[in-house]
Amino acid sequence: MTTRAPKGAVDVLPPESGRWRRLLRAFDSLAERYGYGLALTPVFEATELFSRGVGEETEIVSKQMYTFTDKAGRSLTLRPEATASVVRAYLQEGRSGVLKCAYSGPMFRYEQPQAGRRRQFHQVGVEYLGEPSPDADVEVVEVGYRLLQEAGIREVVVLLNSLGDPADRADYRTRLRSYLEERAEALSAESRRRLATNPLRVLDSKEDASVVAGAPATLDHLGAAAATHFAAVRCGLERRSIPYEIAPRLVRGLDYYNRTVFEYQASSYTAAQGALGGGGRYDPLAELLGGPPTPGVGLAMGVDRIVGAMPEVSGREDRGVFVVVADPERREEALDLVAALRTGGLAADSDLGDRSVKAQFRAAARRGVTVVAVVGAEWARGLVTVRDMATGEEEAVPIGEVAAWTQAR
RNA sequence: GUGGCCGUAGCUCAGUUGGUUAGAGCGCCAGGUUGUGGCCCUGGAGGUCGGGGGUUCGAGUCCCCUCGGUCACCCCA
């Protein structure tokens, strides 16, 4: 093997990719049921979009971006997340009012890979733009929660916090800074550096957990509007029976959030990088990007992590028919039969090599098909031998009845 | 960017104090059953022992460097 996939990028092939397919399909259907249309945005964007939108001082922008210069000298960056792109598109298209959309695709961050963390990773997410109501927050949280349920993940809990509005945050920031400055001696070098630039970031430092534990909480410094909003979100989650815990230290790594922030954790997923998804409200973002004030709330789910937490599914996924060519002279007819079955809406396949009947049966069994149809001598009489692979039951049926015979299994 | 552990067949791994043609299981292909799978038996294909350098009569094995994987820190999906 000479060339490998780049560090931090992985291949997913069958049969493992079956879980991906199930999850992506579940998300697609869920988004549609909740009224989210599809958003397609570029995988690369002007670097400026992220430095302005996500925040210059965030980990993502300060050291995790895949940035390159194109042939015309423009600075472009492989997207580290999708929210900024979706909001950019909304503004660029001159939209106003409500827009609900869903996305799915790869994101890129230059980091050391470990369990649950890749340089290229797949996110699905939704954005609810133009709606300030706390019920939008609730709906977005619900979408992520339902996705995890449909993935079969048990014991999911939503961690919930409110960062308040920008004015509350500024007030809180000064209090936090003075608290931390009094204890600067005990802080790590990195936290001391952040103290000056972005004190909120110190809150999610594991290293300084003991100092942080006694720090003032954002929840105690909410303005009236933010406090009312937060109460409404909690109320809404309770009505939807979505289990949540208040997490006062949850601040999340992107600067554009205000008010609601949340994360999903599951007991079945124990890697250090434990969040299966997260999101929040980002009312300031549109203006950061130079647009008119536009409220918004969204979430992003880590597909790689969710797939890793999904339980094994018993039984094979390949249903349908496998056509065995028992008489090489009938190969063309056999392929015609496969095509006809497929056109009729059935999953059908065959072995295009010239392997033995035994080998073809072996392959069919391994793939877990329900029925094998044998094309051989009986074709001359208009018949195909069909075999129920689960029961071993076998009979010769007219060629046109193979599909019906399979569907009856 | 920092640290721990690990690199032998497609996959999971053996490999004796350094010693001759480097092994097993699974997988793949074929045969046993001249048209029948999931079990069994037989055979076959498949290896720059991650790469480079060094020590030695001799290196998969010892030393150095390097690349990669993995887990953790940082931070996040």
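To find a chain, count down the sequence lines: A is the first, B the second, and so on, and within it residues start at 1.
Side-chain N/O atoms of R117(A) and base N/O atoms of C75(B) include a donor-acceptor pair closer than 3.5 Å. A donor-acceptor contact under 3.5 angstrom links the side-chain atoms of E378(A) to the base of G35(B). For R118(A) against C76(B), a side-chain-to-base donor-acceptor contact under 3.5 Å is absent.
Side-chain contact check for Y244(A) and E238(A): at least one donor-acceptor pair (N or O, by modelled atom type) lies under 3.5 Å.
Comparing G52(B) with C57(B), their C1' atoms sit 23 Å apart, to the nearest whole Å. Nucleotides C13(B) and G7(B) place their P atoms 9 Å apart, quoted to the nearest Å. Distance noted for atom P between C71(B) and C63(B): 26 Å (whole Å). Taking atom C1' in both G50(B) and U2(B), the straight-line distance is 24 Å, to the nearest Å.
For the pair K358(A) and G31(B), the criterion of a side-chain N or O lying under 4.0 Å from OP1 or OP2 is not met. Contact annotation: Q114(A) side-chain N/O to C73(B) OP1/OP2 distance is under 4.0 Å.
Atom CZ in R366(A) sits about 12 Å away from atom P in G37(B), given to the nearest Å. The nearest whole Å value for the distance from the CZ atom in R362(A) to the C1' atom in G31(B) is 10 Å. Rounded to an integer number of Å, the gap from CG of D351(A) to P of C29(B) is 8 Å. The nearest whole Å value for the distance from the CG atom in D388(A) to the P atom in G38(B) is 17 Å.
Using a cutoff of 4.0 Å between basic side-chain nitrogens and carboxylate oxygens, R305(A) and E263(A) are not scored as salt-bridged. Salt bridge D137(A)/R259(A): absent, no basic N to carboxylate O contact under 4.0 Å. Salt bridge absent: E48(A) and R88(A) never bring a charged side-chain N and a carboxylate O closer than 4.0 Å. Taking the charged nitrogens against the carboxylate oxygens, D304(A) and R117(A) have no contact shorter than 4.0 Å, which rules out a salt bridge.
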So what's the dot-bracket for RNA chain B: Watson-Crick or G-U pairs under 3.5 Å, [ ] if a pair crosses, | if it pairs off-strand?
(((((((..((((.....[...)))).(((((.......))))).....(((((..]....))))))))))))....
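Sorted by residue number, the members of residues 393-407 of chain A with any non-hydrogen atom under 4.0 Å from RNA chain B read E394(A).
In this structure, R183(A) is positioned above the aromatic face of Y179(A), its NZ or CZ under 6.0 Å from the six-membered ring centre and within 45° of the axis.
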